[in-house]
Amino acid sequence: MTVRLFNTMSRKIEDFQPLAAGKVGFYSCGPTVYHYAHIGNLRYFIQNDILKRMLIENDYDVTHVMNITDVGHLTSDADSGEDKMEKGAARDNKSVWEIARFYTDEFLKDFDDLNLVRPTFMPKATDYIQEQIDLVKKLEELGYTYTIEEDGIYYDTSKFPGYGKLTGGSLSGNRAGARVEFNSSKRNPTDFALWKFSPKDEKRQMEWDSPWGIGFPGWHTECCAMSMKLLGNHFDIHAGGEDLSRVHHNNEIAQSEPIVGAPWVKYWLHTSFLVDKSGEKMSKSNGEFLNMDALRKRGYDPMVYKYMVLLSHFQAQLAFSWEGLDAASNGYKNIIKKVAALIDADDNTNVDKTIYDDWHKKILSSVSDNLKTAEALVYVQELLKDQSVNSATKLALFEFIDRLLGLQFLARAKKLKAAEEEVAPQEIQKLANKRIEAKKEKNWALADELRNQIDQAGWSVIDTKDGAKLVKKS
RNA sequence: GGCCUGGUGGCAGAGUGGUUAUGCAGAGGACUGCAAAUCCUUGUAUGCCGGUUCGAUUCCGACCCAGGCCUCCA
């Protein structure tokens, strides 16, 4: 099946043609582990996961690299900002190494709760310092660098003719230091640090020796160094959040193409932001933000958030609201209920191969066409409604849908059934029996009172054709 | 200021040159002593102004509005 993806480089949807037949090298910029990931960050990782699952369902052998940025970087090249890692460490009263480990673990917990397939490699930036130094050395040999005294080694973007090509247009109209004080020692406003020197009077928690003295790498080098090491000089797909395209990814290209030749990467994918209802992006830097734990504490299944994300398209901003999350929650639960009913209805009929193939194709085509997950979910609704498809075929299709979208419809449906089959304790059963008696005597007041008591004890009583049924409340 | 996105019902959001998906919420009904669940039915939308066209929500242009990047952030 043809895979089509919107390539930021061309600003067009292109047919996907891998560099090597049947194989995909995929690099996604990972988290900086100085704080919890907020749910906006997680939207991007969900989208990456769908991309990967879709490629796998299309029989590609995917090698996925996602870095863990555990090196602190200054908040600006002007050397005036704070180091996020060191700041985070001070906030939590821990060493930078401790907070890196702590927030990496927290991140992976969310990752697993969202049922995201783990990357093939998750390199830590601090494990690839030598590779980053080697990369800077090569750029130095090729004449792309210059030194600013007591500051660092910088990349001269005027030496790279294609600078800025990823995001198109000219960068010349950019206001140098539009939002930050401009480092006047730089030759060009777009120049960036490759290696920063540690301050002479200060011992940093994270610093390394290098041919240029004690210091630490600039943050754009890690992705280049690690991707070259783990995916080779050229690879197929590079993904990131929409904020990364203009600076980080243009800088990555500027660092890599002089060394490996152009084009370095074939397809660039960028995920748009989750925004709040006033339209502003969620940001870790702003202090207040929602993480997965905040959602869990309010009783939301992480899968509900994933479902909400998949209802939208990754290139469009998605507005977060509790109302929207509730809608997603109801919608998700309704599907689970219907799938649970399918399991009950499964009468051991055979899977109808023709019908299966038809739906399989429709759903996989949607996701393969630039990740139209919302369209795929419409087909899921239509499949559930379609009475001409037997239960066995539907269930087989749900196995495929769960592989493709990772929404765990079947697992949740089975869990729901298990909860429904749980037998009520004796005292609850007694109350239920009393209520039946009351009903027979048409003593509605007593019956309602008894239902109240059962309700308070955490059970629901539901009258059915076959009598009263007790179901534990979730 | 430069570059880039986007504006669709109450909410979230697809798609389409010719009756605007889907979900959630709402309304009505069936069922029920009442509920819950379920099922059936159902109303409501393409920012504004021009152009192209037999016909524009879709294509083109201007405008208005919102957002992103130009410091680190997905």
Side-chain angles (χ1 to χ4, degrees), chain A residues 8 11 28-32 34-35 37-48 69 72-78 80-84 87 164 167-183 189-190 192 219 239-248 250 270-275 277-286 289 307-308 311-313 315-321 323-332 334-335 337-338 341 366 372-375 377-382 439 442-445 447-448 451 455 460-465 469 471:
Chain A
T8 307
R11 303 211 170 264
S28 54
C29 286
T32 303
Y34 70 103
H35 211 323
H38 60 67
I39 57 172
N41 298 129
L42 295 170
R43 180 190 191 193
Y44 160 72
F45 294 106
I46 291 169
Q47 183 255 315
N48 277 303
T69 298
H73 297 290
L74 297 183
T75 52
S76 84
D77 285 343
S80 56
E82 297 155 296
D83 180 312
K84 279 187 298 182
K87 195 178 160 192
T167 42
S170 162
L171 297 178
S172 59
N174 278 4
R175 245 188 236 165
R179 290 194 297 159
V180 72
E181 202 180 323
F182 179 54
N183 179 350
T190 46
F192 55 92
W219 91 288
E242 63 173 318
D243 55 326
L244 297 183
S245 60
R246 189 124 192 126
V247 175
H248 181 50
N250 272 321
H270 291 97
T271 308
S272 291
F273 285 129
L274 181 76
V275 297
K277 58 177 184 291
S278 64
E280 279 181 45
K281 69 167 176 168
M282 295 216 169
S283 162
K284 281 196 249 192
S285 329
N286 288 351
F289 63 82
Y307 180 72
M308 182 176 96
L311 243 21
S312 70
H313 187 78
Q315 280 174 261
Q317 294 188 343
L318 169 63
F320 178 83
S321 67
E323 190 187 4
L325 192 63
D326 282 336
S329 179
N330 288 337
Y332 182 70
N334 285 344
I335 294 176
K337 276 185 221 158
K338 286 174 187 162
S366 297
K372 289 181 181 168
T373 49
E375 189 175 88
L377 287 169
V378 169
Y379 288 135
V380 169
Q381 298 285 356
E382 286 178 1
K439 268 170 66 95
K442 296 200 192 290
N443 187 347
W444 310 128
D448 287 347
R451 173 166 37 211
D455 207 61
S460 306
V461 62
I462 296 158
D463 293 330
T464 69
K465 281 198 300 264
K469 199 173 135 194
V471 177

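Keep in mind that the numbers below use all heavy atoms, side chains included, and drop hydrogens, waters and symmetry copies. To find a chain, count down the sequence lines: A is the first, B the second, and so on, and within it residues start at 1.
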For this session: Quote, to the nearest angstrom, the P distance that separates rA36(B) from rA30(B).
Result: 15 Å
For this session: Take atom CD1 of I462(A) and atom P of rC34(B), then tell me their distance rounded to the nearest Å.
Result: 17 Å
For this session: Using the C1' atom on both, measure rC54(B) against rG17(B) and round to a whole Å.
Result: 12 Å
Exercise. RNA chain B: E382(A) or G241(A), which has the more 5' nearest nucleotide?
Worked result: E382(A)
Problem set entry | Comparing D463(A) and G240(A) on RNA chain B - which has the more 5′ nearest nucleotide | D463(A)
Seminar exercise, completed: With the side chain defined as heavy atoms from C-beta on, N41(A) is closest, among rC34(B), rG13(B), rA74(B), to rA74(B)
Seminar exercise, completed: Rounded to whole Å, CZ of F192(A) lies from P of rU71(B) at a distance of 13 Å
Problem set entry | Side-chain heavy atoms of T373(A) within contact of Q47(A), under 4.5 Å | no
Exercise. Is the aromatic ring of W444(A) within stacking range of rG33(B), meaning centres under 5.5 angstrom and planes under 30 degrees?
Worked result: yes
For this session: Report the distance from atom CG of L377(A) to atom NZ of K372(A), rounding to the nearest 0.5 Å.
Result: 14.0 Å
Problem set entry | From T271(A) atom OG1 to I46(A) atom CD1, the distance as rounded to the nearest 0.5 Å | 10.5 Å
Exercise. Do the side chain of R11(A) and the base of rC4(B) come within less than 3.5 angstrom through a donor-acceptor pair of N or O atoms?
Worked result: no
Exercise. Just wondering, do V378(A) and E382(A) contact through their side chains at under 4.5 Å, heavy atoms?
Worked result: yes
Problem set entry | Whole-Å C1' distance, rU58(B) and rA14(B) | 13 Å
For this session: With P as the reference atom in both, quote the distance from rU16(B) to rA21(B) in angstrom, rounded to an integer.
Result: 13 Å
Problem set entry | Set of residues satisfying ring-ring contact (aromatic ring centres under 6.0 Å, His included) with respect to H313(A), sequence neighbours excluded | none
Exercise. Of all residues at least two apart in sequence or in a different chain, which pass the ring-ring contact (aromatic ring centres under 6.0 Å, His included) check with Y307(A)?
Worked result: Y332(A)
Problem set entry | Distance-only donor-acceptor test, D326(A) side-chain atoms vs rC11(B) base atoms, 3.5 Å | no
For this session: Please check the phosphate of rA74(B) (OP1 and OP2 only) for any side-chain N or O of T32(A) closer than 4.0 Å.
Result: yes
Exercise. Taking the same atom, P, in rU20(B) and in rG47(B), what whole-Å distance lies between them?
Worked result: 15 Å
Problem set entry | Nucleotide of rA74(B), rG13(B), rA14(B) approaching L318(A) most closely (side-chain heavy atoms) | rG13(B)
Exercise. What does S272(A) touch in the nucleic acid at a heavy-atom separation under 4.0 angstrom: a base, only the sugar-phosphate, or nothing?
Worked result: base
For this session: Measure from the side-chain heavy atoms of E242(A) and tell me the nearest of rG68(B), rU38(B), rA74(B).
Result: rG68(B)
Problem set entry | Side-chain N,O (N330(A)) to OP1/OP2 (rA25(B)) below 4.0 Å | yes
For this session: Give one of base, sugar-phosphate or nothing for V461(A), where a contact means two heavy atoms less than 4.0 Å apart.
Result: base
Problem set entry | Between rA56(B) and rU42(B) - P atom distance, rounded Å | 29 Å
Problem set entry | Whole-Å distance separating the OH atom of Y307(A) from the C1' atom of rG13(B) | 11 Å
Exercise. How is T271(A) classified with respect to the nucleic acid when contacts are heavy atoms under 4.0 Å: base, sugar-phosphate, or nothing?
Worked result: nothing
Exercise. Roughly how far apart, to the nearest Å, are rA66(B) and rC59(B) at atom P?
Worked result: 23 Å
Exercise. In whole angstrom, what separates N250(A)'s CG from rU71(B)'s C1'?
Worked result: 16 Å
Problem set entry | Stem regions touching RNA chain B, defined by at least 3 consecutive Watson-Crick or wobble G-U pairs below 3.5 angstrom | B:1-7 with B:64-70, B:10-12 with B:22-24, B:26-30 with B:38-42, B:49-51 with B:59-61
Exercise. Is a side-chain donor-acceptor pair under 3.5 Å present for H270(A) with T8(A)?
Worked result: yes
Problem set entry | Proximity to the side chain of L274(A) - top-ranked nucleotide from rC39(B), rG33(B), rA74(B) | rA74(B)
Problem set entry | Distance, rounded to the nearest Å, where R451(A) contributes CZ and rA36(B) contributes P | 9 Å
Exercise. Between atom CG in D448(A) and atom C1' in rA36(B), what is the gap in whole Å?
Worked result: 12 Å
Exercise. Looking for any heavy atom pair under 4.0 Å, which part of the strands does H270(A) touch: base, sugar-phosphate only, or nothing?
Worked result: nothing
For this session: Round to a whole Å and report the spacing from CG of L244(A) to C1' of rC4(B).
Result: 15 Å
For this session: Could you check which of rC11(B), rG15(B), rG13(B) has an atom nearest any side-chain atom of K372(A)?
Result: rG15(B)
Problem set entry | Candidate nucleotides rU22(B), rG33(B), rA74(B), ranked by approach to the side chain of A447(A) - the nearest | rG33(B)
Exercise. Looking at CG of L244(A) and SG of C29(A), how far apart are the two atoms once the value is rounded to the nearest 0.5 Å?
Worked result: 5.5 Å
Exercise. Counting only side-chain N and O atoms of N334(A), is one of them less than 4.0 Å from OP1 or OP2 of rC24(B)?
Worked result: yes
Exercise. If you check the F273(A) side chain, which of rG68(B), rC24(B), rC34(B) turns out closest?
Worked result: rG68(B)
Seminar exercise, completed: H248(A) atom NE2 is separated from rC72(B) atom P, nearest whole Å, by 10 Å
Exercise. Taking OP1 and OP2 of rG33(B), is either one under 4.0 Å from a side-chain nitrogen or oxygen of K439(A)?
Worked result: no
Exercise. Expressed as a whole number of Å, how far does the P atom of rG13(B) sit from that of rG7(B)?
Worked result: 10 Å
For this session: State, to 0.1 Å, how close S272(A) and R43(A) come at their nearest heavy-atom pair, and which atoms those are.
Result: O-NH1, 3.0 Å
Problem set entry | Gap separating the CG atom of L274(A) from the NE2 atom of H38(A), nearest 0.5 angstrom | 8.5 Å
